[in-house]
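These values consider heavy atoms only, across backbone and side chains, with no hydrogens, waters or symmetry-generated copies.
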Amino acid sequence: MSRPICSAALALLAATFVPLLAEEPVKKDATPSREELVKKLEETLTGAKLTGAYSVAGREDRAPKAEEYTITSATKLPEGDVWLIKARIKYGDKDTTIPMPLEIKWAGDTPIITLTNMAIPGLGTFTARVLIYDNRYAGTWQHGPVGGNLFGKIEKAKDNGDAK
């Protein structure tokens, strides 16, 4: 390029992009406060029905099996990351409502329910990591030597006995 054309091209580029650089950067929505996140999670889980499926590791050739949980209440306890979750669990031929103190950790704005080797009366000992986001859940589970993945949707339970 000749010098006059090159100078004109640089002037055009500068006139186009320099004003953009001078503007304030676009701000992303601020992450809600922990209190707001806790309130939202309580509202999402209380009276919620989680319906989805679970798979079993080593049995990938089989279709995932249906699972269902109805949470009657979810309340953050005053100390630490512990929540009291009262859940109706349908697992195999079992159908029971159990209050469980569970630890919920946060990855930014995403809650992750954690339990490690937790004995659930009548069901056995479980380990799980389940994340909740945008009315969906997904995670991993372990029950003794058997484990796998789980996933599904979160909706408000209908008032037809779901909350048992």
Side-chain angles (χ1 to χ4, degrees), residues 21 23-92 94-159 162-164:
L21 295 174
E23 292 179 17
E24 283 190 42
V26 176
K27 294 182 182 178
K28 293 182 180 180
D29 290 337
T31 301
S33 70
R34 181 56 51 99
E35 293 78 24
E36 291 169 316
L37 292 170
V38 165
K39 182 178 179 187
K40 181 180 177 188
L41 185 58
E42 285 178 339
E43 290 170 356
T44 297
L45 293 181
T46 297
K49 187 170 188 175
L50 286 67
T51 52
Y54 69 94
S55 65
V56 178
R59 298 182 186 166
E60 286 79 9
D61 58 331
R62 298 182 189 170
K65 295 187 180 211
E67 68 175 2
E68 180 179 300
Y69 309 93
T70 301
I71 299 175
T72 57
S73 67
T75 308
K76 177 160 180 343
L77 298 178
E79 296 299 317
D81 296 321
V82 179
W83 289 60
L84 182 61
I85 308 287
K86 293 181 184 174
R88 178 180 180 190
I89 300 172
K90 291 182 180 182
Y91 176 79
K94 309 285 187 195
D95 185 352
T96 186
T97 299
I98 301 171
M100 297 178 286
L102 299 174
E103 190 171 41
I104 297 181
K105 297 290 190 181
W106 293 87
D109 63 353
T110 304
I112 303 169
I113 300 171
T114 66
L115 55 143
T116 304
N117 296 322
M118 181 176 181
I120 300 176
L123 297 175
T125 301
F126 291 83
T127 295
R129 300 294 184 271
V130 181
L131 71 83
I132 307 288
Y133 191 80
D134 197 23
N135 293 316
R136 292 185 206 106
Y137 70 94
T140 64
W141 66 275
Q142 190 72 34
H143 180 199
V146 181
N149 297 299
L150 54 97
F151 59 93
K153 63 183 177 180
I154 303 170
E155 301 174 301
K156 285 299 176 186
K158 293 181 178 69
D159 212 8
D162 284 344
K164 191 177 182 182

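Qualifying side chain to side chain donor-acceptor pair (under 3.5 Å) partners for Glu67, counting only residues two or more places apart in sequence or in other chains: Tyr69, Tyr137. With sequence neighbours left out, Ala53 forms a side-chain contact (heavy atoms from CB on, under 4.5 Å) with Pro64, Phe151. Applying the side-chain contact (heavy atoms from CB on, under 4.5 Å) rule to Lys86 yields the partners Thr72, Ser73, Leu84, Pro99; only residues at least two apart in sequence or on another chain are considered. With sequence neighbours excluded, no residue forms a side chain to side chain donor-acceptor pair (under 3.5 Å) with Arg34. Here Asp109 pairs with nothing under the side chain to side chain donor-acceptor pair (under 3.5 Å) rule; sequence neighbours left out. The side-chain contact (heavy atoms from CB on, under 4.5 Å) check on Glu43 picks up Lys39, with sequence neighbours excluded. Among residues two or more places apart in sequence or in another chain, the side-chain contact (heavy atoms from CB on, under 4.5 Å) test is passed with Lys153 by Thr51, Glu155. Applying the salt bridge (charged side-chain N to carboxylate O under 4.0 Å, His left out) rule to Glu103 yields the partners Lys105; only residues at least two apart in sequence or on another chain are considered. A search for salt bridge (charged side-chain N to carboxylate O under 4.0 Å, His left out) contacts involving Arg136 returns Asp134, not counting sequence neighbours. Partners of Thr116 by side chain to side chain donor-acceptor pair (under 3.5 Å), not counting sequence neighbours, listed by chain and number: Arg129.
Side-chain contact check for Met118 versus Leu102: some heavy-atom pair is nearer than 4.5 Å.
The aromatic rings of Tyr54 and Trp141 stand perpendicular to each other, their planes meeting at an angle above 60°, with 30° marking the opposite boundary.
Pairs of residues two or more places apart, or lying in two chains, never qualify as salt bridge (charged side-chain N to carboxylate O under 4.0 Å, His left out) while including a residue from residues 50-63.
Considering CD1 of Ile120 and CZ of Phe126, their distance stands at 5.5 Å, rounded to 0.5 Å. Annotation: the span from Trp83 atom CH2 to Ile71 atom CD1 amounts to 10.5 Å, rounded to 0.5 Å. Here Leu50 contributes atom CG and Ile132 contributes atom CD1; the two are 6.0 Å apart, rounded to the nearest 0.5 Å. Distance check, rounded to the nearest 0.5 Å: CG of Leu37 to CD of Glu42 gives 11.5 Å. Between Ile113 atom CD1 and Ile104 atom CD1 the span is 5.0 Å, to the nearest 0.5 Å.
Looking only at distances, no side-chain donor or acceptor of Lys40 sits under 3.5 Å from a matching main-chain atom of Glu35.
For the residue pair His143 and Thr125, the shortest heavy atom distance occurs at CD2-O, 3.2 Å.
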